[in-house]
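Quick note: numbers below take in every heavy atom, side chains included, and nothing from hydrogens, waters or symmetry partners. Remember, predicted model here, so these are calculated numbers, not experimental data.
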Amino acid sequence: ACLVGSEMCIRDRMYPRIRELRESAGYSQKQIADRLFMSQTGYSKYETGNHDIPTAILIKFSTIYNVSVDYILGISDVPQIMMYEESISA
């Protein structure tokens with residue numbers, strides 16, 4: 001077991017999760033690479049963990065798959081982006 005939020009835990013969960021999200025959505029690596037304006041080879045290095053994923057790309061993944069960045073990172077197991085309304089008391 002890994003310590004949730006630790007760098008090793010994030011790495012162990014994030015890369016497989018990116019692949020899982022892509023496959024569940026029915027996309028090929030090439031299709032996602034095209035949406036990210038990069039080569040398929042470069043994209044595949046994200047899925048295998050051979051390249052760190054820049055924050056901007058994590059945000060794009062979040063948008064493409066409609067999940068939270070926390071879910072992609074493995075910090076949360078709840079994929080949906082949760083929207084909360086603050087109650088304002090007068």
Partner set under side-chain contact (heavy atoms from CB on, under 4.5 Å) for S39, not counting sequence neighbours: T41
With rounding to the nearest 0.5 angstrom, report the NZ to OG distance, K30 to S44. 12.5 Å
So the salt bridge (Lys or Arg N to Asp or Glu O under 4.0 Å) pairs with at least one residue in residues 38-49 (sequence neighbours excluded) are R22-E47
Output side-chain donor-acceptor pairs under 3.5 Å for residues 52-61, partner residues at least two apart or in another chain, one line each.
| residue | atom | partner | partner atom | Å |
| --- | --- | --- | --- | --- |
| D52 | OD1 | R11 | NH1 | 3.0 |

For M38 and Y43, work out which heavy atoms get closest and say how close. CE-N, 3.6 Å
Rounded to the nearest 0.5 Å, the CG atom of D77 sits from the CZ atom of R13 at a distance of 5.0 Å
Drop me the distance from Y65's OH to I32's CD1, to the nearest 0.5 angstrom. 3.5 Å
Considering all heavy atoms, the nearest S62-V69 contact: CB-CG2, 3.9 Å
With sequence neighbours left out, what residues match T48 under side chain to side chain donor-acceptor pair (under 3.5 Å)? N50
Out of curiosity, Q29 CD to L36 CG, how far, rounded to the nearest 0.5 Å? 11.5 Å
Those residues at least two apart in sequence (or on a different chain) that pass salt bridge (charged side-chain N to carboxylate O under 4.0 Å, His left out) with D70 are none
Tell me, please, which residues at least two apart from R19 pass salt bridge (charged side-chain N to carboxylate O under 4.0 Å, His left out). E23
Shortest non-hydrogen contact from L73 toward M14: CD2-SD, 3.6 Å
Taking the side chain as every heavy atom from C-beta outward, state whether E20 and P16 have any pair of such atoms under 4.5 Å apart. no
